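Quick notes on the structure that follows.
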Amino acid sequence: MSSQIKQVDIAIIGTGTSGMGAYREARKVTDSIALIEGGEYGTTCARVGCMPSKLLIAPAEARHRAEVYEQFGLQGAIPEVDGSKVMQRVRDERDRFVSFVNEDVAEFDAKHKIKAYAKFVDDHTLALSNGDTIKADRIIIATGSRHNIPAFFNGAEDRLITNDDVFEWNELPKAVAVFGAGVIGLELGQALHRLGVNVHLFGAGDSVGPLSDPEVKNYALKTFKQEFSFHSSGEVKEIKRVNEGVQITFKSTPDADITIETFDYLLAATGRRANVDNIGLENTNLALDKRGVPLYNPLSMQCGDSHIFIAGDANADIPLLHEASDEGRLAGENAGRYPSVYRRARKVPLGVVFSDPQIATVGKSYRELDESGVDFAIGSVSFENQGRSRVMLVNKGLMRLYGDKDTGILLGGEMIGPGQEHLAHLLAWTIQMRMTVEDILQLPFYHPVIEEGLRTALRGLLQAMGMGPQPPLNCIDCGPGA
Ligand SMILES: Cc1cc2nc3c(=O)[nH]c(=O)nc-3n(C[C@H](O)[C@H](O)[C@H](O)COP(=O)(O)OP(=O)(O)OC[C@H]3O[C@@H](n4cnc5c(N)ncnc54)[C@H](O)[C@@H]3O)c2cc1C
Ligand SMILES: NC(=O)c1ccc[n+]([C@@H]2O[C@H](COP(=O)([O-])OP(=O)(O)OC[C@H]3O[C@@H](n4cnc5c(N)ncnc54)[C@H](O)[C@@H]3O)[C@@H](O)[C@H]2O)c1
């Protein structure tokens, strides 16, 4: 068949979370849409991201939990890990989640959907990998991101893998070297370790997840190092494919002796890069930043004052699912109303790492505040003696909250500890409502709950801002171990 040229009001490049959100909004104002997908439908989140990673973490946590039962006085064997069944469930449930996304895509109008990779030829024209051409009044870039793998890892040859490969395993391997102590490395590395895989986690510069608060970061480093081999500031000398797998020659710390270990795989979790380097942006008039990402307004998703919008991981700013979804809808809404574009306030930053203990960041980070010159105070709580946490034997963690000394408003926090996915939401909601620490302390706190630890940090913060008394040492009136 000869190649075709199609004219549409709105073209959306990418049918992941942000592209689908954009489509739903665009669909409200026009029936002239090209929704383009080069890879598989199903979204990164459901296929190889949020969902399969949490499916792997769940059995790992269940097994690990059994190890503390003895401390409760409960005797009995710790369950054996059946790697094949664990991975079967990961894949089955993953497929179920993907099927829900695919059902949604199937509902989209067939005449809008195009299976091909798109590339800009000029500001209004896209060349498709199937030979066709799309001419569009407005265009949304929603192309997501991909793994960023240092060339140094190529020594692992066919044993170099990413998270995409992990979720296809039929069995658990014996040993894996995980590179990158960011979000993916921590989540997958710890889960594999807890499922009986010999894991070594190789970090860089003592960084751990998204943490910037030195005290919380040090607590996290100490905690994870107590559990598994974590070389947070190691030096890797050589990565070599050998008969048995991948041989890694490294120093665990700059002063340590050389160690040589062999692993089945090298799992690269060293960050992701936006899919904007391969879509012909050089053929457009868009101004790019030094990473090659178009300059855009994060309140409208508009690139400059052009008819092009960018959403989700593609803009490399906040590569998280809920942000991709919000950004996609905003880009779709504004592409629909262009040239009259609206700005929308963004939600308070919120990030959760599903490690154990969980790590969370909310609002302004320690680094941002430190560099901004804002006069801020810090309140903290250790979860080691927190009542409910001790009862449940989950008493590990440290939370640090930041407040504005002039206004008493809660600004943000960084934390590691039990149930932080929930505490972080409470904090994000109160920050978004611009509540003062004093007002938050008027809200109800039950007893005995982990939220009482949050209250201790808030009380300390109120005092540190010079706006409240020294919190009582053991606060017996508010419940023992609060
Ligand atoms: C292992 C892992 C775990 C994660 N866990 C979490 C989590 O727990 N919580 C959380 O909030 N976030 C998590 N994330 C991040 C989250 O998955 C992403 O932020 C989100 O999926 C991004 O959505 P998106 O729409 O920008 O991109 P995607 O869903 O990747 O969609 C982009 C689409 O564009 C297509 N495409 C690319 N280039 C072209 C082209 N030229 N032409 C046509 N189509 C193209 C791609 O094939 C893809 O389908 C995780 C990510 C990973 C990798
Ligand atoms: N729970 C969640 O919300 C969740 C889970 C997984 C992924 N994600 C998203 O996916 C994105 C990508 O995750 P990621 O973990 O790949 O990236 P990341 O940016 O979180 O971490 C990458 C880490 O790799 C380290 N690194 C880089 N080069 C290295 C090298 N040569 N050797 C050792 N370490 C090296 C960096 O210092 C950094 O700590 C995250 O930013 C996050 O937005 C979110």
Side-chain angles (χ1 to χ4, degrees), residues 11-22 34-54 56-57 101 105 114-120 126-129 141-153 162-164 166-167 177-189 201-211 231-236 239 250 267-276 278-280 310-325 327-328 350-355 358-361 421:
I12 302 165
I13 316 176
T15 311
T17 300
S18 53
M20 289 171 70
L35 178 63
I36 309 164
E37 173 56 55
E40 287 179 53
Y41 289 129
T43 74
T44 291
C45 174
R47 287 192 309 105
V48 290
C50 331
M51 301 316 286
S53 56
K54 271 77 245 177
L56 188 76
I57 291 167
V101 180
V105 176
I114 297 174
K115 271 315 277 287
Y117 282 98
K119 216 171 170 169
F120 283 90
L126 300 172
L128 301 185
S129 54
I141 303 168
T143 47
S145 61
R146 65 181 187 276
H147 308 99
N148 185 28
I149 304 179
F152 183 45
F153 295 175
T162 66
N163 54 280
D164 296 13
V166 168
F167 308 130
V178 180
F179 275 74
V183 193
I184 296 179
L186 276 177
E187 287 189 356
L188 296 188
L201 177 59
F202 293 89
D206 276 333
S207 80
V208 52
L211 294 172
H231 317 293
S232 61
S233 58
E235 203 184 308
V236 177
I239 294 171
F250 64 97
L267 170 58
T270 40
R272 292 175 68 85
R273 60 181 298 185
N275 287 325
V276 288
N278 46 9
I279 56 169
I310 185 163
D313 283 16
N315 64 42
D317 266 348
I318 321 174
L320 294 174
L321 189 277
H322 67 283
E323 298 283 359
S325 174
E327 292 181 2
L350 169 64
V352 177
V353 185
F354 295 86
S355 52
Q358 291 182 337
I359 291 171
T361 52
E421 62 179 285

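Keep in mind that what you see is a predicted model, and the values were worked out from it rather than measured. For ligands, and for the atoms within them, numbers begin at 1 and follow the listed sequence. In what follows, residues are counted from 1 in the order of the sequence shown. Worth knowing before you read on, the calculation uses all heavy atoms, side chains too, and leaves out hydrogens, waters and symmetry mates.
- Residue Ile184 has no N or O atom closer than 3.5 Å to an N or O atom of ligand 1.
- Shown in contact with Leu320 at under 4.0 Å from a heavy atom are these atoms of ligand 2, numbered in order with element: 3 (O), 43 (O), 44 (C).
- The proximity of Leu321 to ligand 1, defined as any non-hydrogen pair under 4.0 Å, involves the side chain as well as the backbone.
- A 4.5 Å side-chain heavy-atom check between Arg47 and Phe167 finds every atom pair outside the cut-off.
- For ligand 2, the atoms sitting less than 4.0 Å from at least one non-hydrogen atom of Val352 are 1 (N), 2 (C), 3 (O), numbered in the order shown with element in parentheses.
- Side-chain contact between Phe179 and Ile149 is absent, with no heavy atoms from C-beta onward closer than 4.5 Å.
- Smallest separation of non-hydrogen atoms from Ser18 and Ala311: OG-O, 3.7 Å.
- Heavy-atom proximity to atom 15 (C) of ligand 1, evaluated over Ser145, Gly49, Pro319, Ala46, is greatest for Pro319.
- Heavy atoms of Asn148 found under 4.0 angstrom from ligand 2: none, in either backbone or side chain.
- Distances from ligand 1 to the non-hydrogen atoms of Ala116 include at least one value under 4.0 Å.
- With ligand atoms numbered from 1 in the order given, ligand 2 contributes 34 (N), 35 (C), 37 (O) to contacts under 4.0 Å with heavy atoms of Ala204.
- Protein heavy atom nearest atom 19 (O) of ligand 2, with residue, atom name and distance: Gly271 CA, 4.2 Å.
- Among all non-hydrogen protein atoms, the one lying nearest atom 32 (N) of ligand 2 is Phe179 CD2, 3.9 Å.
- Heavy-atom proximity to Val48, at under 4.0 Å, picks out these atoms of ligand 1: 1 (C).
- A heavy-atom distance below 4.5 Å is found between the side chains of Ile239 and Phe153.
- When Val178, Val183, Ile57 are checked for heavy-atom proximity to atom 8 (N) of ligand 2, Val183 turns out nearest.
- Atoms of ligand 1 lying under 4.0 Å from any heavy atom of Gly312, numbered from 1 in the order shown and given with element: 26 (O).
- Residue-to-ligand polar distances place Leu320 within reach of ligand 1: an N/O pair is separated by less than 3.5 Å.
- Using a 4.5 Å heavy-atom threshold, the side chains of Leu201 and Leu186 count as touching.
- Ranked by closest heavy atom to atom 15 (O) of ligand 2, the top entry among Leu188, Thr162, Ile184 is Ile184.
- Set against the non-hydrogen atoms of Ile279, the atoms of ligand 1 under 4.0 Å away are 41 (N).
- Every atom of ligand 2 is numbered from 1 in the order shown, and the set under 4.0 Å from a heavy atom of Gly180 is 24 (O), 25 (C), 33 (C), 34 (N).
- No donor-acceptor pair under 3.5 Å is formed between the side chain of Glu323 and the backbone N or O of Ile318.
- Atoms of ligand 1 found under 4.0 Å from any heavy atom of Asn163, numbered from 1 in the order shown, are 1 (C), 53 (C).
- In this structure, of Ile57, Thr143, Ile13, the residue bringing a heavy atom nearest to atom 36 (N) of ligand 1 is Thr143.
- Scanning all heavy atoms of the two residues, the minimum distance from Leu320 to Asp313 falls at N-OD1, 4.0 Å.
- The only option from Leu267, Ile184, Val166, Leu188 that meets the side-chain contact (heavy atoms from CB on, under 4.5 Å) definition with Val178 turns out to be Leu267.
- In this structure, atom 30 (C) of ligand 2 lies nearest to the protein heavy atom Thr270 CG2, 3.7 Å.
- The two residues His147 and Arg273 have their closest heavy-atom pair at O-CG, 4.3 Å.
- The nearest heavy-atom contact from the protein to atom 43 (C) of ligand 1 is Gly38 N, 3.3 Å.
- Close approach of ligand 1 to Ala142 is summarised as follows: ligand atoms under 4.0 Å from at least one heavy atom of the residue are 32 (C), 33 (C), 34 (O).
- Nearest heavy atoms, Leu128 versus Ile114: CD1-CG2, 3.7 Å.
- In terms of polar-atom proximity, His322 is not counted as a contact of ligand 1, lacking any N or O under 3.5 Å from an N or O of the ligand.
- For ligand 1, the polar-atom distance check against Ala311 finds no nitrogen or oxygen pair separated by under 3.5 Å.
- Where the criterion is an N or O separation shorter than 3.5 Å, residue side chain and backbone included, Ser53 fails it with respect to ligand 1.
- Contact annotation: for His147 versus ligand 2, there are no heavy atoms closer than 4.0 Å.
- Checked by distance only, ligand 1 and Ala324 stay at 3.5 Å or farther apart across all their nitrogen or oxygen atoms.
- In terms of N/O distances under 3.5 Å, ligand 1 is approached by Ser18.
- Heavy atoms from both the backbone and the side chain of Asp313 come within less than 4.0 Å of ligand 1.
- The option from Ser233, Gly234, Gly182, Ser355 that lies nearest to atom 21 (O) of ligand 2, judged by heavy atoms, is Gly182.
- Within the structure, ligand 1 has Arg272 among the residues with a heavy atom less than 4.0 angstrom away.
- When the options Arg272, Lys54, Glu235 are ranked by their closest heavy atom to atom 12 (C) of ligand 2, first place goes to Arg272.
- No side-chain heavy atom of Val101 sits less than 4.5 Å from a side-chain heavy atom of Met51.
- Using a distance-only test at 3.5 Å, with no hydrogens or angles considered, no donor-acceptor pair links the side chain of Thr361 to the main chain of Leu211.
- For ligand 2, the atoms closer than 4.0 angstrom to any heavy atom of Ser207 are 37 (O), 39 (O).
- Nearest to atom 28 (P) of ligand 1 among the protein's heavy atoms is Thr44 OG1, 3.5 Å.
- Within ligand 1, the atoms closer than 4.0 Å to a non-hydrogen atom of Gly39 are 47 (O), numbered from 1 in the order shown.
- Two residues are said to be in side-chain contact when any heavy atoms from C-beta on lie closer than 4.5 Å; Pro150 and Thr270 meet this criterion.
- Annotation: Pro319 places an N or O atom under 3.5 Å from an N or O atom of ligand 2; distance criterion only.
- Considering only heavy atoms from C-beta on, Ser232 stays 4.5 Å or farther from Val208 through its side chain.
- Compare Cys50, Gly42, Gly16 by their heavy atoms: the one nearest to atom 13 (C) of ligand 1 is in Cys50.
- Atom 46 (C) of ligand 1 has its closest protein heavy atom at Glu37 OE2, 3.3 Å.
- Only side-chain heavy atoms of Lys54 come within less than 4.0 Å of ligand 1; its backbone N, CA, C and O stay farther off.
- When all heavy atoms are compared, the tightest approach of Ile13 to Ala118 is CG2-CB, 3.8 Å.
- At a threshold of 4.5 Å between non-hydrogen side-chain atoms, the residues Val48 and Thr162 do not count as touching.
- Contacts between Phe202 and ligand 2 below 4.0 angstrom, taking non-hydrogen atoms only, involve the backbone exclusively.
- One distance of note links CD1 of Ile12 with OG1 of Thr143; it measures 12.5 Å at 0.5 Å rounding.
- Nearest heavy-atom pair across Ala314 and Val276 is O-CG1, 3.4 Å.
- Taking only nitrogen or oxygen atoms, main chain and side chain alike, Phe354 does not reach within less than 3.5 Å of ligand 2.
- Side-chain atoms of Lys54 do not come within 3.5 Å of backbone N or O of Gly49 as any donor-acceptor pair.
- Interface atoms of ligand 2 facing Glu187, defined by a heavy-atom separation under 4.0 Å, are 1 (N), 2 (C), 5 (C).
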